[in-house]
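See below for the structure under consideration.
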Amino acid sequence: MRKFSCFSPVTKLPSRSATTTSTLTSGTSTAIAYSGCCWGCCGAGGRGCCARTNGEGTAVARTPVRTARTTARANPMFIVFSSEFDAATAGNDGQLILLHLDRRVGCCFLRKSPAGTRTVAGAHAGMIFRPAIAEERVSRMKRFGLLLIFGVVFGGLPSALYGQPSAAPPVPAARSGMDLDKLAEEAIEWLAGLIRIDTTNPPGNELAAARYLAEILQREGIRAEVFESAPGRGIVIARLQAGAIPDPSRALLLLGHTDVVGVEPERWSTNPFGGEIRNGYLWGRGALDDKAMVIANLAVLVALKRAGAPLRRDLIFLATGDEETSGEHGIEFAIRQHWEKIAAAFALNEGGRVLVKNGRVHHIGIQTSEKVPVNVEVIASGTAGHSSVPRSDNAIVRLARALTRIAEYEPPVQLLAVTRRYFEGLAAIEDGEAGRWMRALEEPGRTDLAAARLGAMNPVWNAMLRNTISVTLVQAGFRSNVVPAEARATLNLRLLPGESADSLVAELRKRVDDPNVRFEVAAPSRYPAPPSAIDSELFQTIQQVSKQFFPEAAVLPMLSTGATDSAQLRLRNVQAYGLLPFPLTEEDLARIHGDNERIPLDAFRAGLRYLHRVVAEFVGAAKP
Ligand SMILES: [Zn+2]
């Protein structure tokens, strides 16, 4: 039997050290699993990993990943990363799942079994396999180089909708020369034009937006490719290339989404799709989420192109759609169909914030990780009949009782590496009481009280500290004189990365304690992803540039409570960061998905300048 260690960590977070917990055997290989979690090999091109457990610790080995993906939709115990894997097995206590076993590197993932008590929160922020990643990137780079040469020699460059007549509104003409102030004013016009394209999802209609963006890029001499992901829906990809061939191994991807959530027009003071400029604001659905980011990304590309300075890295622009639902026709489509065009080592996306408080930038939150949404149906049943003869087993009453018990349950506080760093950093700059409670989070015996106090001050802080449960839909009854046989509610769970929906549902089932109430966990549309590193080159660049632009502000890694397209990228070994670059107040941010969404024009100008500097520093272009 061949023995090898599956870990050779090169970096470790100080708060977590690796300890041997189990030795696993599979076929002819033995791997030693640690209580840390390592992600370096997962998601690296061609090296993915997956494993299946039946909840009792029995794993199914050598499952082809295609089968795995299909099964995963119906089975939340199934975790899939990418590509094929060599072998997999699980610990006999149901708590360890070995995801990837290979002659060079291995990877394991520790999770709580449904009945288990072991806490694994924060385990994701474990070790990184630098050598393995480097090796992968080199081979990926070579592969892409060969592909390109093959394409040019034998088939010409890939065809796309480049140059196709646009059905979108006319694009304001760009001026020549490289002046960032002038470019910002042009970009404001581009943003107004983009807002005027109604991309409410569903149905989306993002193809018109993609063509509109492609036309702006093409006018600037930047090749842009539009791809239709479904009728009327689409994405646009463009690239500034540093060398003779595309090099994903160092590339930076600028990501944004063109779809928006719906509106209740009667609650707006202006036309949500009018792109009106009034009182120093640009108004409209998507002004913040996420069309401003899309246009800022595009303007940065234009700025670097106009400047004509040499680049050290490829810079890729991607505007997806369908972010506000599952991402199937947006980021999933882009990854599935066009990965070779968007593959990058780093990405910038929405999800972070530059928060203005008392008239100055207070802190910059860089999203490095995000919670995972999972829907759960709660179904109560009872005897149907005429309402004139009430019974004690009324399904609606039963559901109401169950929901009350669910609402009374508060999942325990769990500090992850990212939230620990976030609250430590914020404690140093927050006002007296908030700062004191943030420091108390780590004091033995005071964690729960501190979390409760912080949650009362800001519900987002509470949501960052634990799994949360929101009741979002209730359905029951169809006539006023009929007692229905069934009543259902939808719970939207937001899980900390690494947490299992099954464990939480098992806890809820126990608390509801009613055999006539059942729970059904829906197939997840988003998967848990490893966090992005807080010591990467890009993170450091953001920190340095932030210090230049906002010297008094703290720069903090952040866990976002909402889901973004970054998760899918992180699963593919991209170091993705959420950085909404515009300095905004809480009041501005509250309009996201709300009424009268708008962006202050000064915030747009400042955010564009800041984003431009981050990107220019990182891709190595000269400063304007
Ligand atoms: Zn968004």
Side-chain angles (χ1 to χ4, degrees), residues 171-172 174 178-195 197 209-210 212-214 216-217 220 222 224 236-238 240 252-258 260 275 277 281-282 284 286-307 315-320 323 346-354 356 361 364-367 538 541-542 545-546 549-550 564-566 576-584 588-589 592 597-619 621 624:
V171 174
M178 183 36 225
D179 178 330
L180 213 47
D181 290 333
K182 280 186 192 158
L183 178 61
E185 301 315 307
E186 291 169 65
I188 287 168
E189 291 302 316
W190 296 339
L191 177 54
L194 186 58
I195 288 171
I197 302 170
Y212 172 82
L213 298 170
I216 299 174
L217 289 162
E220 297 289 332
I222 300 169
V236 55
I237 303 172
L240 294 183
L252 170 63
L253 172 70
L254 300 179
L255 175 64
H257 65 89
T258 58
V260 296
I277 293 174
Y281 294 93
L282 174 50
L288 291 173
D289 181 14
D290 182 38
K291 289 181 171 176
M293 180 97 197
V294 169
I295 291 295
N297 287 344
L298 181 144
V300 166
L301 221 74
V302 168
L304 296 180
K305 172 75 176 174
R306 286 184 189 176
L315 184 63
I316 306 163
F317 171 85
L318 169 63
T320 63
E323 193 275 345
F346 301 93
L348 287 175
N349 186 21
E350 63 174 346
R353 52 170 51 184
V354 177
V356 174
V361 173
I364 294 154
I366 302 170
Q367 186 238 43
L538 180 54
T541 302
I542 298 169
V545 173
S546 302
F549 272 70
F550 314 109
T564 71
D565 284 345
S566 294
Y577 299 95
L579 177 73
L580 192 67
F582 317 108
L584 298 167
D588 294 324
L589 289 163
I592 289 177
E597 186 176 346
R598 64 185 191 185
I599 185 164
L601 294 177
D602 283 342
F604 181 81
R605 294 180 185 111
L608 173 58
R609 197 164 266 286
Y610 167 57
L611 180 68
H612 173 263
R613 179 65 64 83
V614 168
V615 175
E617 293 275 345
F618 190 67
V619 302

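On a predicted model such as this, the values are computed, not experimentally measured, just so you know. Only this structure's heavy atoms are used, side chains among them; waters, hydrogens and symmetry mates stay out. Residues take their numbers from the sequence shown, with the count starting at 1.
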Just how far is it from atom [atom1] of [X] to atom [atom2] of [Y], taken to the nearest 0.5 Å?
X	Y	atom1	atom2	value
Thr564	Leu580	OG1	CG	11.5 Å
Ile237	Phe317	CD1	CZ	10.5 Å
Glu220	Glu186	CD	CD	7.0 Å
Leu304	Leu240	CG	CG	6.5 Å
Leu611	Leu348	CG	CG	6.5 Å
Asp588	Arg353	CG	CZ	11.0 Å

Please table the atom pairs, donor to acceptor, closer than 3.5 Å between any side-chain atom in residues 291-299 and protein atoms at least two apart or in another chain.
{"from": "Lys291", "atom 1": "NZ", "to": "Leu194", "atom 2": "O", "distance (Å)": "3.1"}
{"from": "Lys291", "atom 1": "NZ", "to": "Ile197", "atom 2": "O", "distance (Å)": "3.0"}
{"from": "Lys291", "atom 1": "NZ", "to": "Thr199", "atom 2": "OG1", "distance (Å)": "2.9"}
{"from": "Asn297", "atom 1": "ND2", "to": "Leu255", "atom 2": "O", "distance (Å)": "3.2"}
{"from": "Asn297", "atom 1": "ND2", "to": "Met293", "atom 2": "O", "distance (Å)": "3.4"}

Holding to side chain to side chain contact (heavy atoms under 4.5 Å, CB included), I want the full list of residues that pass it with Val356, two or more places apart in sequence or in another chain.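 Side chain to side chain contact (heavy atoms under 4.5 Å, CB included) list for Val356, sorted by chain: Val361, Pro583, Thr585.
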Residues two or more places apart in sequence or in another chain: which of them pass side-chain hydrogen bond (donor to acceptor under 3.5 Å, both in side chains) with [X]?
X	answer
Arg605	Glu185, Asp602
Asp289	His257, His593
Asp565	Thr320, Arg526
Thr258	none

Salt bridge (charged side-chain N to carboxylate O under 4.0 Å, His left out) partners for Glu597, two or more places apart: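 Glu597: salt bridge (charged side-chain N to carboxylate O under 4.0 Å, His left out) contacts with Arg285.
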Does Ile216 reach the side chain of Ile222, with side-chain heavy atoms less than 4.5 Å apart?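 A side-chain contact is absent here, since even the closest heavy-atom pair is not under 4.5 Å.
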Taking the side chain as C-beta and beyond, is there a heavy-atom pair between Trp190 and Val302 under 4.5 Å?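 Of all side-chain heavy-atom pairs linking Val302 with Trp190, at least one is under 4.5 Å.
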Kindly give the heavy-atom pair with the smallest separation between [X] and [Y], and that separation in Å.
X	Y	value
Leu252	Val615	CD2-CG1, 4.1 Å
Ala238	Leu217	CB-CD1, 3.8 Å
Leu213	Ala319	CD1-CB, 3.7 Å
Leu584	Pro600	CD2-CD, 3.7 Å
Pro581	Val354	O-CG2, 3.7 Å
Leu183	Ala303	CD2-CB, 3.5 Å

Taking only residues two or more places apart in sequence, or in another chain, which ones meet Tyr610 in a ring pair (Phe, Tyr, Trp, His ring centres under 6.0 Å)?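 Only Phe549, Phe550 meet the ring pair (Phe, Tyr, Trp, His ring centres under 6.0 Å) criterion with Tyr610.
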